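What follows is a single structure, written as structure tokens, with notes after it.
Quick note: residue numbers are just sequence positions, from 1. Small disclaimer: the values here were computed from a predicted structure and weren't measured.
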Amino acid sequence: MTKHALITGITGQDGSYLAELLLSKGYKVFGLRRRTSVPILENIEHLKNDIEFIDGDLLDLGSLINAVRISNPDEVYNLAAQSFVATSWIQPVATGEATGIGVTNMLEAVRLTKPEARFYQASSSEMFGKVVETPQKETTPFYPRSPYGVAKVYGHWITVNYRESYNMYACSGILFNHESPRRGIEFVTRKVTDAVARIKLGLQNELRMGNLDAKRDWGFAGDYVKAMWLMLQQDEADDYVISTGETHTIEELVEIAFSHVGLNWRDYVVVDQKFVRPAEVDLLLGDCTKAKEQLGWELEVGFEQLIKMMVDSDIERISKCHHVDIKTGV
């Protein structure tokens with residue numbers, strides 16, 4: 001019997017990789033899509049004929065109930081959110097609604113319509129914020145340092161609450177930073193690789209950055225969605241940290257990206273205070289021992305390989321857009 005999966009945030013980076021994975025496993029995939037005048041399907045353009053889209057919004061419970069009824073899911077993956085940390089200071093209320101209350105709406109839609117469905121919530125390492133221990137694991141207390149992190153803590157705990165209150169199969173993946181060529185251009189990794197490609201091709205002169213000393217635990221999104229799926233295949237619902245167990249500074253990220261195209265980053269990077277967060281998260285480093293031991297999850301793509309993959313992808317994309325020869329830069 002074919003399994004059904006409903007994915008919110010399917011047009012995003014994680015949603016697209018997850019859809020690919022589930023389709024490869026024979027699932028019928030439904031994607032919740034918020035109605036816009038111009039649909040944004042770049043990440044799933046190659047999959048759009050294999051996915052059944054349902055219009056809905058995380059802030060409209062009725063539309064979510066309708067989506068659950070139509071999709072009749074065995075598994076629900078709630079990936080949708082306002083997920084850009086910097087924007088959460090500019091739009092704290094909207095972030096709280098979509099990233100926090102939206103989780104409750106999705107859980108409630110599942111509880112009322114298909115309570116036996118298995119539910120995955122996309123939690124975040126930003127919940128750890130000003131870390132109280134290193135590395136961070138499932139039992140590490142949360143200390144969020146942004147409206148986004150605060151909203152994610154709410155989403156995480158409401159998922160635990162529904163699991164314990166209603167005996168629902170509801171779990172959270174506390175995912176540390178995970179990137180790919182499909183990452184939004186506003187995120188720091190993609191901001192860097194896109195700029196490196198443009199500088200290499202003669203289309204940009206400098207890259208303005210914030211805190212180069214901030215440390216993050218970066219992995220490949222394609223690896224991380226496998227962990228999401230594995231979480232919903234267990235006998236009992238539980239929460240798991242998904243990470244690489246390695247930390248790198250933003251300066252290291254910049255250095256790898258520029259050196260990959262034969263450039264010295266110091267010739268192009270300018271530190272600009274307007275890109276420094278009001279409250280910085282200085283160090284994130286995850287301990288994914290539980291996921292490795294209980295889920296059998298393993299990483300396949302390392303940090304340096306990931307950054308080079310992203311640079312190559314951006315060079316290819318920008319070259320096509322601007323009709324620039326990759327080899328000559330003309």
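- To the nearest 0.5 Å, atom NZ of residue K226 and atom CG of residue L299 are 9.5 Å apart.
- Contacts of S63 classified as side-chain hydrogen bond (donor to acceptor under 3.5 Å, both in side chains), with partners at least two apart in sequence or in another chain: none.
- A salt bridge between E186 and K191 is absent, with no side-chain N of the basic residue lying under 4.0 Å from a carboxylate O of the acidic one.
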Check your understanding: Which is it for I174 and I242 under the side-chain contact (heavy atoms from CB on, under 4.5 Å) test, yes or no, and what are the steps along the way?
Key -> CA-CA 6 Å; I174 306 174; I242 304 300; over 6 Å; no
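- Judged purely by distance below 3.5 Å, without hydrogens or angles, the side chains of E75 and Q233 pair a donor atom with an acceptor atom.
- Rounding to the nearest 0.5 angstrom, the gap separating the CD atom in E251 from the CH2 atom in W265 is 4.0 Å.
- Under a hydrophobic clustering in which Ile, Leu, Val, Met, Phe, Trp and Tyr are joined whenever their side-chain heavy atoms come within less than 4.5 Å, directly or via other members, I44 and W229 fall into the same cluster.
- Between atom NZ of residue K25 and atom CG of residue L22 there is a gap of 8.5 Å, rounded to the nearest 0.5 Å.
- Other residues, nucleotides and ligands contribute more than 12 heavy atoms inside 6.0 Å of the CG atom of D267.
- Taking the six-membered ring for Trp and the full ring otherwise, the centers of Y169 and Y162 sit at least 6.0 Å from each other.
- Side-chain N/O atoms of T244 and D217 include a donor and acceptor closer than 3.5 Å.
- Applying the ring pair (Phe, Tyr, Trp, His ring centres under 6.0 Å) rule to pairs touching residues 292-319 yields W218-F303, Y224-W297, H248-F303, sequence neighbours excluded.
- In this view, T95 and Q82 satisfy the side-chain hydrogen bond (donor to acceptor under 3.5 Å, both in side chains) rule, not counting sequence neighbours.
- Once rounded to the nearest 0.5 Å, the distance linking CG of D238 with CD of Q294 reads 6.0 Å.
- Cation-pi contact between K28 and F30: present, with separation from the ring centre below 6.0 Å and deviation from the ring axis of at most 45°.
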| task | Check the pair F220, E300 against side-chain contact (heavy atoms from CB on, under 4.5 Å), reporting the backbone distance first and the verdict last. | result | CA-CA 8 Å; F220 173 50; E300 294 182 20; over 6 Å; no
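- In this structure, the side chain of T249 engages the main chain of E252 through a donor-acceptor pair within 3.5 Å.
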**Message:** Walk me through whether H178 and D223 qualify under side-chain hydrogen bond (donor to acceptor under 3.5 Å, both in side chains).
**Reply:** CA-CA 9 Å; H178 48 289; D223 288 339; over 6 Å; no
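- Taking T247 as the reference, nothing meets the side-chain hydrogen bond (donor to acceptor under 3.5 Å, both in side chains) condition, with sequence neighbours excluded.
- Side-chain atoms of K114 come within 3.5 Å of backbone atoms of P73 as a donor-acceptor pair (strictly under, hydrogens ignored).
- Atom OG1 of T159 sits about 9.5 Å away from atom CG of N161, to the nearest 0.5 Å.
- For the residue pair M168 and P115, the shortest heavy atom distance occurs at CG-O, 4.2 Å.
- A salt bridge does not link E293 to K290: none of the charged side-chain nitrogens sits closer than 4.0 Å to a carboxylate oxygen.
- The shortest non-hydrogen separation linking S243 to C288 is O-SG, 3.3 Å.
- Contact of the T8 side chain with the M106 side chain is registered, since non-hydrogen atoms from C-beta on lie closer than 4.5 Å.
- Although no hydrogens or angles enter the test, the distance criterion places no donor-acceptor pair under 3.5 Å between the side chain of D287 and the main chain of K137.
- Residue-environment remark: OH (Y166) exceeds the threshold of 12 foreign heavy atoms within 6.0 Å.
- Between the Q234 side chain and the E236 main chain, no donor and acceptor come within less than 3.5 Å of each other.
- Minimum interatomic distance between S125 and N177 (heavy atoms only, all atoms of both residues): OG-OD1, 3.8 Å.
- Linking Ile, Leu, Val, Met, Phe, Trp and Tyr whenever their side-chain heavy atoms come within less than 4.5 Å leaves F53 and L6 in two separate clusters.
- Atoms NE2 and CG, on H46 and N49 in that order, are 11.5 Å from each other to the nearest 0.5 Å.
- Listed by chain and number, the residues in a salt bridge (Lys or Arg N to Asp or Glu O under 4.0 Å) with D314 are R190, R317 (sequence neighbours excluded).
- Side-chain contact between L64 and L32 is present, with at least one heavy-atom pair separated by less than 4.5 Å.
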Practice item. Show your reasoning for whether side-chain contact (heavy atoms from CB on, under 4.5 Å) applies to Q136 and F176. Key: CA-CA 10 Å; Q136 297 87 53; F176 280 65; 3.4 Å; yes
Note to self: Is there a side-chain contact (heavy atoms from CB on, under 4.5 Å) between V270 and L207? Walk through the geometry before answering.
What the structure shows: CA-CA 6 Å; V270 177; L207 168 60; over 6 Å; no
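- Residues V192 and M209 meet the side-chain proximity criterion, which asks for heavy atoms closer than 4.5 Å.
- By the 4.0 Å N-to-carboxylate-O rule, K308 lies too far from D312 to be salt-bridged with it.
- Put simply, the side chain of E246 does not reach to within 4.5 Å of the side chain of R216, judged on heavy atoms.
- Y154 and T104 form a side-chain donor-acceptor contact under 3.5 Å, judged by distance and modelled atom types alone.
- A salt bridge links R163 and D239; the closest N-O separation between the charged side-chain nitrogens and carboxylate oxygens is under 4.0 Å.
- In terms of heavy-atom proximity, G286 sits nearest to V241 at CA-CG1, 4.3 Å.
- With hydrophobic clusters built from ILVMFWY side chains whose heavy atoms lie under 4.5 angstrom apart, W157 does not share a cluster with L107.
- S124 places no side-chain N or O within donor-acceptor distance of the main-chain N or O of M127, the cut-off being under 3.5 Å.
- Taking P144 as the reference, F142, V150, V153 meet the side chain to side chain contact (heavy atoms under 4.5 Å, CB included) condition, with sequence neighbours excluded.
- With contacts defined as side-chain heavy-atom distances shorter than 4.5 Å, the pair D213/I250 does not qualify.
- Of the possible polar contacts, none joining the T99 side chain to the G96 backbone as a donor-acceptor pair under 3.5 Å is found.
- Residue I54 is not grouped with residue L112 when hydrophobic side chains (ILVMFWY) are merged at heavy-atom distances under 4.5 angstrom, including chains of intermediate members.
- With contacts defined as side-chain heavy-atom distances shorter than 4.5 Å, the pair C171/Y120 qualifies.
- The closest side-chain donor-acceptor pair between T189 and E179 falls under 3.5 angstrom.
- At a threshold of 4.5 Å between side-chain heavy atoms, the hydrophobic network of Ile, Leu, Val, Met, Phe, Trp and Tyr places I65 and I70 in two separate groups.
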- Derivation of the salt bridge (charged side-chain N to carboxylate O under 4.0 Å, His left out) call for D57 and R33: CA-CA 7 Å; D57 192 297; R33 179 176 60 181; over 6 Å; no
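- The shortest side-chain heavy-atom distance between M228 and D14 falls under the 4.5 Å cut-off.
- A donor-acceptor contact closer than 3.5 angstrom links the side chains of S16 and R182.
- In this structure, the side chain of S71 engages the main chain of A67 through a donor-acceptor pair within 3.5 Å.
- The shortest side-chain heavy-atom distance between W89 and V85 falls under the 4.5 Å cut-off.
- The backbone N or O of T11 lies less than 3.5 Å from a partner atom in the side chain of N43, making a donor-acceptor pair.
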